[in-house]
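Please read the structure below before turning to the comments.
Hydrogens, waters and symmetry mates are skipped; everything else that's a heavy atom, side chains included, is used. Residue numbers start from 1 in every chain, and the chains themselves are labelled A, B, ... in the order their sequence lines are given, proteins ahead of strands.
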Amino acid sequence: MSIQEVELVIVGSGPAGYTAAVYAARAGLAPVVLAGSVTAGGALMTTTEVENFPGFIDGIQGPDLMDAMRAQAERFGARIINDDAVSIDLQGAVKTIKTGNGEAYAARAVVLAMGSEYRKLGLPEEDRLSGHGISWCATCDGFFFREKQIAVVGGGDSAMEEALFLTRFASKVTIVHRRDEFRASKVMVDRVLADSKIEVAWNSEVAEILGEEQADGLRLKNTVDGSERVLDVTGAFIAIGHDPRSALVAEQVATDSDGYVKVEHPSTRTSLPGVFAAGDLVDHTYRQAITAAGTGCAAAQDAQQFLSSLIPSEQRSDLVLESAI
Amino acid sequence: MSIVNVTDETFEHEVLQSGLPVVVDIWATWCGPCKAIAPVLEDLAAEFSGRVKIVKVDADANPATVSAAGVTSIPTLGFYRAGERVDVLIGAHPRPVIAAKIKDLLS
């Protein structure tokens, strides 16, 4: 395996990764972006209308926004590669990243921007019924629930967005939420509560997904009085939050108890020199496209400053030679 | 071998009666992860050319195939040998995972 030596590798291709790529490319670092073999563009690739990214008066489709960010980074010389990081060695001055296609990159600076993945309910039958009525992607799978009754589990903006989108197909959408109020933004909550196709099962959590080959109902448990009932649905979309995708680096950089990579706020420096982190991999509070883009920008600048503070190795060996003379 | 589009009408002939093992990709234009795996499948179709046939079914236009396969999530890859579906892979998985499934189909 030959190792390609580069200045900066950015792992991840959501708003954080692509924004870091734009800034690093404009700084002349020619960053390599490992965008993922099938996940390029990140979480926004499966959303529809993004209404709160500044600059788009009428909103923009998530995939269009990400395609534009990618093209913008490429315009300035970023090398964006649709391949997965499968091992990341951050120890030492030169960091090595190996990919699923058998490539390897060595760089003195790395920006980690792997984002997050959907959180599962944690029920034993969940994997068996995933793709058989249980889904994490309304834009992909809503189509298959035409005129059916379905559930959305969750109480944040993602759950509201999925529920509203699914009303295009389903005859009825029930939002299952474990508390008595939503965490989502007011504009989304107002839209949901005004929609005649949407009902809410407050104070309810999913105790069991019913069905053998195909999901055919949810057993709900009331979080206040413990009572149970069966919700008659043919599908459920799970939107209960995300977990950071930090598995490849969690043994190397400091993380918090939930697996988020720790940084020295307000910088993006991690516990290892030359390693910076941005976006949802770090942020369990805001988790917006614009905040991820903001920290991606900061990570590129931190990486640039770090690289320029290093004495290039050739010059260093020259210095050694000179001092020897 | 390039990827052939299969419909409700041609599924029987192209998939179930195929002499070669077949990978059926059920996809749709509005599905982001389906678009993401499309180039990977093109690549694998070339790599396994002559040994495996890879075909696509547009979920929008072919409801009979979708419902017969019990599909409620896409992309769904069905792996067929001698007219029977022997394996299924639901969701957008990285290339090595899909390649391993194709190798299983051939063994």
- One should read off an interatomic distance between A/I10 CD1 and A/Y105 OH, to the nearest 0.5 angstrom, of 13.0 Å

- How about A/Y118 and A/F237: are their ring centres within less than 6.0 Å of each other? no

- Heavy atoms of other groups near A/R119 CZ, more than 12 under 6.0 Å: yes

- Note on the structure: Bottom line for A/S130: the part with an atom under 4.5 Å from chain B's heavy atoms is backbone

- Query: Side chain, backbone, both or neither: which part of A/D83 has an atom under 4.5 Å from a heavy atom of chain B?
  - Reply: neither

Which answer fits [X], side chain, backbone, both or neither, if we ask what part of it has an atom under 4.5 Å from a heavy atom of chain A?
X: B/P94; answer: both
X: B/A38; answer: neither
X: B/V88; answer: neither
X: B/A92; answer: both

- Message: So if I apply the side-chain contact (heavy atoms from CB on, under 4.5 Å) rule between B/L77 and each of B/I37, B/V24, B/I90, which one comes out positive?
- Response: B/I37

- Evaluate side-chain hydrogen bond (donor to acceptor under 3.5 Å, both in side chains) for A/D89 paired with A/T96, printing each intermediate quantity in order. CA-CA 5 Å; A/D89 181 0; A/T96 311; 5.2 Å; no

